[in-house]
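To start, the structure itself, in structure tokens.
Sequence lines set the chain letters: A, B, ... in the order given, protein chains first and strands last, and positions in each chain run from 1.
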2 protein chains.
Amino acid sequence: MHSSELLKGTLQTIVLKVLKDNGKMYGYEITTLVKELSENRILLTEGALYPTLHRLEAEGLLRTEVVNIGKRVRKYYALTPDGKAQAKDRVNEFVDFIKTMSAVLHVRMAQ
Amino acid sequence: MHSSELLKGTLQTIVLKVLKDNGKMYGYEITTLVKELSENRILLTEGALYPTLHRLEAEGLLRTEVVNIGKRVRKYYALTPDGKAQAKDRVNEFVDFIKTMSAVLHVRMAQ
DNA sequence: GTCTAATACATAAATCACTTATGTATTAAT
DNA sequence: ATTAATACATAAGTGATTTATGTATTAGAC
């Protein structure tokens with residue numbers, strides 16, 4: 001469960017965007033989806049993910065719904081209206097970051 | 001001197017690549033170049049830059065040359081052969097990171 | 001001619017996201 | 001029956017970066 005130093009600071013952006021794209025999801029489901037989308041390059045750790053979900057909820061960006069699956073508990077997270085706005089902002093910020101870095105590093109990425 | 005959380009982990013990559021592109025440079029010069037290339041979006045702090053330069057030198061990726069300009073001292077840094085290889089690797093790693101993130105966030109950037 | 005901003009280096013303490021480690025419990029697979 | 005996968009949670013430790021200081025020279029504004 002590790003990845004490059006570059007991933008630091010991307011967790012909230014990732015969580016907000018996958019929730020925007022997929023509606024409600026639970027924590028474990030987010031880790032598996034991100035693992036799949038990233039072709040095993042981004043392996044979210046629970047120690048980072050759960051506190052982040054709790055924090056985003058405390059900030060009013062996510063709302064939760066607890067569902068019992070047999071004797072097991074699942075906690076679904078979905079974006080609030082504020083969360084949707086934040087998701088958009090964060091993705092824009094990321095795209096801007098890529099453009100800036102591309103200019104500094106002289107790599108052609110941003111079209 | 002601040003910027004987004006996303007910048008974290010990019011400092012070494014930036015330093016190595018601008019040195020690769022510009023030959024020898026001194027610390028202050030690096031901050032002004034990066035500020036210019038990033039259109040004021042990336043403002044390197046001295047507290048981060050100088051320790052990073054010292055560390056890269058200690059790792060054998062940079063070599064230094066001290067020059068006296070009047071009564072003022074300038075410390076020029078340049079890549080060693082290992083440093084050149086690292087610069088290449090770091091940029092490749094960054095491009096790969098962008099591709100992965102683009103896939104996860106569903107943003108089209110990488111060609 | 002003096003004051004401020006810019007140039008140029010340096011380091012130490014504090015911060016904070018994230019990793020690592022640990023814990024509990026259920027369910028599926030071998 | 002045992003292990004791996006599912007599913008949550010939190011606490012201690014790490015480490016890059018920010019913030020805060022410090023010293024000193026040179027250029028520019030007024």
Would you please say whether a donor-acceptor pair under 3.5 Å links the side chains of A:Thr52 and A:Gln12?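 A:Gln12 and A:Thr52 do not have a side-chain donor-acceptor pair below 3.5 Å.
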Whether the side chain of B:Glu5 and the base of C:dC16 hold a donor-acceptor pair under 3.5 Å is what I'd like checked.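 A donor-acceptor contact between them is absent.
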Is any side-chain N or O of [X] closer than 4.0 Å to OP1 or OP2 of [N]?
| X | N | answer |
| --- | --- | --- |
| B:Arg72 | C:dT7 | no |
| B:Tyr50 | C:dA10 | no |
| B:Tyr28 | C:dA6 | no |
| B:His54 | C:dT11 | yes |
| B:Thr45 | D:dT18 | yes |
| B:Lys75 | C:dA10 | yes |
| B:Arg55 | D:dA16 | yes |

Parallel, tilted or perpendicular: rings of B:Tyr76 and B:Tyr26 (30°, 60°):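 If you compare the ring of B:Tyr26 with that of B:Tyr76, the planes turn out perpendicular.
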Could you give the [atom1]-to-[atom2] distance, from [X] to [N], as a whole number of Å?
| X | N | atom1 | atom2 | result |
| --- | --- | --- | --- | --- |
| A:Leu44 | D:dT6 | CG | P | 15 Å |
| B:Leu43 | D:dT18 | CG | P | 10 Å |
| B:Glu36 | C:dT7 | CD | C1' | 16 Å |
| B:Leu7 | D:dT17 | CG | C1' | 10 Å |
| B:Glu29 | C:dA8 | CD | P | 8 Å |
| B:Leu53 | C:dA8 | CG | P | 14 Å |
| A:Arg74 | C:dT27 | CZ | P | 11 Å |
| B:Leu6 | C:dC16 | CG | P | 17 Å |

CD/B:Glu93: more than 12 non-hydrogen atoms of other groups inside 6.0 Å: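 Yes.
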For the NZ atom on B:Lys75, are there more than 12 heavy atoms of other groups (residues, nucleotides or ligands in this structure) within a distance under 6.0 Å?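 Enclosed: over 12 neighbouring heavy atoms sit under 6.0 Å from NZ of B:Lys75.
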Taking the nucleotide of DNA chain C with the nearest heavy atom to each, does A:Lys71 or A:Lys8 sit closer to the 5' end?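 Of the two residues, A:Lys8 wins.
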Residue pair B:Leu49 / B:Gly27: nearest heavy atoms and the distance that separates them: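 What the structure gives for the nearest pair is CD2-O, 3.4 Å.
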Quick check: on DNA chain D, is the nucleotide nearest A:Gly47 upstream (toward 5') of the one nearest B:Ile69, or the reverse? Name the residue that is more 5'.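 First, find each residue's nearest nucleotide; the 5'-ward one identifies A:Gly47.
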At under 4.0 Å between heavy atoms, what does A:Thr10 touch on the DNA or RNA strands: base, sugar-phosphate, or nothing?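 Sugar-phosphate, backbone atoms only, no base.
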Report which part of the nucleic acid A:Gly27 touches: base, sugar-phosphate, or nothing (heavy-atom distance under 4.0 Å, all strands).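 Counting heavy atoms under 4.0 Å across all strands, the contact made by A:Gly27 is with sugar-phosphate only.
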